[in-house]
Amino acid sequence: MSDPLKTPVVRHSPSNGPTSPDVWGIYEPDTGSIQYICADPKTRKAALIDVVWNFDPKNYRFSTESMDQVLDIVKENGLIVEWVLDTHPHADHVMASAHLKERTGAPNAIGALVPDIAAIWADLYNLPDAFAPTRDFDRLFAEGEQFSIGELEVEVMLSPGHTLGSVSYVCCDAAFVHDTLMQPDAGTSRSDFPGGDTDALWESIQSILALPPETRLFIGHDYGTKERKEPMWEATVAQHKSQNIHVKDGTRREDYIERRQTRDTTLALPMRILAALQINLRGGRLPQVEDDGNAYLKLPVNRFD
Ligand SMILES: [Fe+2]
C-alpha cells in the first residue's frame, strides 16, 4: 500500500452556506505543503493560496505538476480564478505565484511587510537590488485590509512570528493560517528563521484562536506524527483550543515560548530554503537569465548556524 504522506492528497471541505467558501486542500508530499482553493459557491470565483512550484533539490530542476493539479481541480469544478495569494515568502518550497498569474490572468498578492523580509534576505544574499515586492506582486495586503472572492469578504490578518510579515486570510468561516498553527496533534510552526519571533507567533496564534469557535482553520504544513501517518490540515478554532499540544487553553505564554524555542534549536534549515527564498522574494520568478541563456542562483556560505 502506498504511503499517504508520500502521495498527493486532495480533500474538499464543503461550504456551510451562501456566506461560507468551498475549500479544497491539495497536499504536496515532497515538502508537506498544503495548497488551497477557496471558492465562493455562488459566483464560482476562487482564490488559489500557497501553491507550489515543484523544485527537486537533488537535480536543481523545476516542474509544474502541483500547479497543474490545482488548475485541473479549478477546471473540473467550473471555478474562475480571481486571486493568486501567498501567506508569506516560504522557506521550504518555491511559490507558483508568477506562473499562476500568467496562466490565469489573476492578480497575485502577499503581505504588506514582505519588503521588510526582502531587506533581511537581500543582505544575507548580498543581492541589494534583486528583490522588489512592489514590482513582483500586484497587491501587498496590510493588516485589516479587505478584498473579495466573488461575493465573499476576505479580511487580511497580519500574523507574524514564523516570518515578520506573514498574513492570514480570513474568509467568513474559513481562515488560512499558514505556518502559525500545525494540526492540534503537532502544535505550532517554527519561529527561528531570520525575522522570526516566538513572542510574536504566540500573539498571532492568540488572535487566530479569538476567531469564532466554529471557524475552519487551514494550516500550511503537515508531516504526520508518530501516531498519525496520513496528512491532515483542517481543524476548528474550538478543536485547537481544546487539543493543540502547544497552545491549548490553559497554556502559559512563557511555557509555550520555552517549548517552541527549545524545539527550534534542534531543527536544521529546510532543504530548499536558499533556493526558495531567492525565488519567492521575486514573486516566484527565477533570476534574469545571464548572457549564456541560463538562470543562476546565489548561495551564501557560513551565514547560518
Ligand atoms: Fe513557511
Side-chain angles (χ1 to χ4, degrees), residues 25-36 48-55 57 66-67 84-97 108-118 120-121 124-125 131 133 136-137 140-141 156-169 175-183 186-205 207-208 217-224 231-233 246-247 260-261 263-264 266-284 304:
I26 303 107
Y27 170 76
E28 192 284 299
D30 291 340
T31 61
S33 300
I34 298 98
Q35 318 158 95
Y36 293 102
L48 309 181
I49 304 173
D50 287 343
V51 179
V52 172
W53 183 15
N54 307 92
F55 171 57
S66 287
M67 68 180 96
V84 175
L85 305 176
D86 277 274
T87 51
H88 64 292
H90 311 278
D92 65 291
H93 70 263
V94 180
M95 60 169 75
S97 183
N108 65 347
I110 199 163
L113 295 183
V114 168
D116 297 347
I117 302 174
I120 293 175
W121 286 94
L124 284 163
Y125 289 115
F131 310 133
D136 290 324
F137 293 95
L140 296 178
F141 288 124
V156 177
M157 186 190 274
L158 182 64
S159 39
H162 174 70
T163 74
L164 67 78
S166 302
V167 292
S168 297
Y169 296 107
F176 300 88
V177 300
H178 60 92
D179 302 347
T180 52
L181 295 159
M182 305 283 284
Q183 277 303 84
T188 58
S189 295
R190 64 194 293 180
S191 58
D192 60 322
F193 295 147
D197 181 330
T198 318
D199 221 41
L201 187 55
W202 168 266
E203 289 300 331
S204 296
I205 289 170
S207 303
I208 290 165
L217 301 182
F218 296 96
I219 58 167
H221 291 290
D222 187 54
Y223 314 109
M232 306 289 283
W233 51 78
H246 286 178
V247 293
R260 184 67 265 163
Q261 289 179 340
R263 167 100 177 112
D264 284 349
T266 69
L267 301 173
L269 285 181
M271 203 190 312
R272 295 167 177 78
I273 183 171
L274 293 175
L277 277 162
Q278 210 168 138
I279 301 166
N280 292 341
L281 288 165
R282 291 178 169 97
F304 301 92

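As the structure lists them, so they are numbered: ligands from 1, and atoms in each ligand from 1.
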(message) Does Ser66 form a side chain to side chain contact (heavy atoms under 4.5 Å, CB included) with Asn54? I'd like the steps, not just the answer.
(response) CA-CA 7 Å; Ser66 287; Asn54 307 92; 2.9 Å; yes
(request) Compute whether any side-chain donor of one residue and acceptor of the other, for Ser204 and Ser159, lie under 3.5 angstrom apart. (result) no
(message) If I consider every N, O or S atom in His162, which one ends up closest to the Fe ion (ligand 1)? I only need its name.
(response) NE2
(request) Output the atom name for the N/O/S atom of Asp179 with the smallest distance to the Fe ion (ligand 1). (result) OD2
(request) Quick one: report the N, O or S atom of His88 that is nearest to the Fe ion (ligand 1). (result) NE2
(request) May I have the step-by-step check of ring-ring contact (aromatic ring centres under 6.0 Å, His included) for His93 and Phe55, ending in yes or no? (result) CA-CA 7 Å; His93 70 263; Phe55 171 57; over 10 Å; no
(request) With ring-ring contact (aromatic ring centres under 6.0 Å, His included) as the test, would you mind laying out the steps for His88 and His178 before giving the verdict? (result) CA-CA 8 Å; His88 64 292; His178 60 92; 5.3 Å; yes
